[in-house]
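What follows is one structure encoded as structure tokens, with my remarks underneath.
For ligands, and for the atoms within them, numbers begin at 1 and follow the listed sequence.
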Amino acid sequence: MMSGNISLYQMCKCFTKHLPTVRMPVLCSSCSEKRAVLKRPKTGHSLCKACFFWAFEEEVHQTIVAAKLFKPGETVGIAASGGKDSTVLAHVMKLLNERYSYGLELMLISVDEGITGYRDDSLETVKRNQQQYELPLKIVSYEELYGWTMDAIVKQVGLKNNCTFCGVFRRQALDRGAIMLKVDKICTGHNADDVAETVLMNVLRGDIARLRRCTAISTASEGDGVVPRCKPLKYAYEKEIVLYAYFKKLDYFSTECIYSPNAYRGYARTFLKDLESIRPSSIMDIIHSGENLSVREGVKMPVQGTCNRCGYISSQALCKSCVLLEGLNRGLPKLGIGKHHRLHEKILSQQPLTESEERKLKSVDF
Ligand code: SF4
Ligand code: ZN
């Protein structure tokens, strides 16, 4: 676990840019009384600690109110990983729920992917957060849900497609945890940088279906087994989340996953950070562009149905999770990944594969 200065510098290399370097004290541009301790990355305003906290929290509150994210009496599960975003989300949700009497019952839901040296440590942070915020916590694990940990999956599939397995399994795991806890909604710690990055990724991949829905601040329930989700930090800049966690001295975990994120997303992230350093409003501008895109009539969109095997939402006969699991259990790690659609169909309809087809689905990229 790391919290405080070290993690801060790891999270935000240009952090010092937002701390005062001036010799003359600068007054807070909001209260004009106290000394400014930072320059807001989002607006460029010099603020004291108290005014920054207030501005940050009020913006999240405005986001929640404007999008009508919650109704009084609802039970809300906060997806908690122990990282900075979900820790700030849990802190701010608890604070706003009390400050503005939202009338919500809050809980923490964590997913244990089974990554030794990463998730086991970050879950310790979540357990401390549970004590600090006095919220109930439910941990669902890949091992108990799927019979596979990410450590075992990486051993079988290698390091090229591991995040595909992890992402697909996590989505379903969170829903299953939410259903166990009987929550009405899940809120996730996705921030403005995440949303802008996803818009860019979907443009670069030509994924129109995802591009159309990736900026939505909330999703309605798409069927049984799918709990509505929302993103209260959708307009919060990552740098401000880091500053907020730092000045509030929140206890969070900031080590990268040992099975590091895929390279393509990394390029999109670096590109976005470069744009932000030249023009901070780039992040909001990309989100704004994504929100206002409209897809012309006639573009084929997937039709949502349910998985024949597990009943989870799916546009195919079997959901992605069941296809990937089938591949793992049969020692065919490429099943469900990328281009071999014809072979996937063949396997799933129980037709025998030729030797060379089998070889294709067995090959692993380390
Ligand atoms: Fe899972 Fe990949 Fe994220 Fe690691 S980096 S937690 S493997 S999605
Ligand atoms: Zn399924």
Steps toward side chain to side chain contact (heavy atoms under 4.5 Å, CB included) verdict (C214, M201): CA-CA 10 Å; C214 72; M201 290 284 290; over 6 Å; no

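- Atom numbering of ligand 1 starts at 1 in the shown order; those under 4.0 Å from a heavy atom of N162 are 7 (S).
- Interface atoms of ligand 1 facing R170, defined by a heavy-atom separation under 4.0 Å, are 1 (Fe), 3 (Fe), 6 (S), 8 (S).
- Taking each heavy atom of I139 and E144 in turn, the nearest pair found is O-OE1, 4.4 Å.
- Of the residues listed (T149, D112, V111), the one engaging Y142 in a side-chain contact (heavy atoms from CB on, under 4.5 Å) is V111, and it is the only one.
- Distances below 4.0 Å separate heavy atoms of C257 from the following atoms of ligand 1: 4 (Fe), 5 (S), 6 (S), 7 (S).
- Selection from C163, S122, S81, C166 by nearest heavy atom to atom 2 (Fe) of ligand 1 gives C163.
- Annotation for A80 and V126: closest pair O-CG2, 3.9 Å, computed over non-hydrogen atoms.
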